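Working notes, structure below.
Keep in mind that what you see is a predicted model, and the values were worked out from it rather than measured.
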Amino acid sequence: DPPRFKVHVWAEGSPQTVTSSRFADASQPAVSGDGSVLAFSAVPTHSVDLEAFLSGADGGAVSRLTSTGDGLSSGSVAISADGGRVLVIT
């Protein structure tokens with residue numbers, strides 16, 4: 001069974017879990033300027049494709065930005081200061 005990764009945000013000394021343990025790998029986090037939105041790349045459990053995801057930094061729902069098959073080549077994501085736009089390099 002592959003390892004499972006969670007994404008956490010530390011604010012005021014306490015970790016906040018942003019995602020469940022449904023990722024076989026996670027990397028390249030980007031946070032909006034106001035700290036409310038988090039974008040990251042990850043390989044979902046039972047997949048081999050690196051995908052881009054968006055979440056509220058408070059642990060809100062995680063949304064997939066790319067679909068299996070699109071696959072990210074570099075895993076790079078960036079987010080605008082207000083969290084309204086995300087750049088994903090495929």
request  = Decide yes or no for Phe53 and Arg64: does some side-chain heavy atom of the first lie under 4.5 Å from some side-chain heavy atom of the second?
outcome  =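 A side-chain contact exists here, since the closest heavy-atom pair is under 4.5 Å.
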request  = List in chain and number order the residues that pass side-chain hydrogen bond (donor to acceptor under 3.5 Å, both in side chains) with Ser36, two or more places apart in sequence or in another chain; answer none if no residue qualifies.
outcome  =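 For Ser36 the side-chain hydrogen bond (donor to acceptor under 3.5 Å, both in side chains) partners, ignoring immediate neighbours, are Asp34.
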ask   = Which heavy atom in Ala78 sits nearest to a heavy atom in Ala30, and how many Å separate them?
value =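 Here Ala78 and Ala30 meet closest at CA-CB, 4.2 Å.
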ask   = After noting the C-alpha distance and the side-chain angles of Phe40 and Val62, does the key distance pass the side chain to side chain contact (heavy atoms under 4.5 Å, CB included) rule?
value = CA-CA 10 Å; Phe40 59 95; Val62 175; 4.2 Å; yes
ask   = Who are the side-chain contact (heavy atoms from CB on, under 4.5 Å) partners of Ser80, not counting sequence neighbours?
value =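 Expected list: Asp82, Arg85.
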ask   = Under the side-chain contact (heavy atoms from CB on, under 4.5 Å) test, which residues partner Val86, sequence neighbours left out?
value =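 Per chain and number, Val86 pairs via side-chain contact (heavy atoms from CB on, under 4.5 Å) with Ala39, Leu54, Leu65, Ile79, Val88.
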request  = Please check if the side chain of Thr66 supplies one atom and the backbone of Glu51 the other of a donor-acceptor pair under 3.5 Å.
outcome  =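 Not at all, since once roles are kept as given, no pair shorter than 3.5 Å links the two residues.
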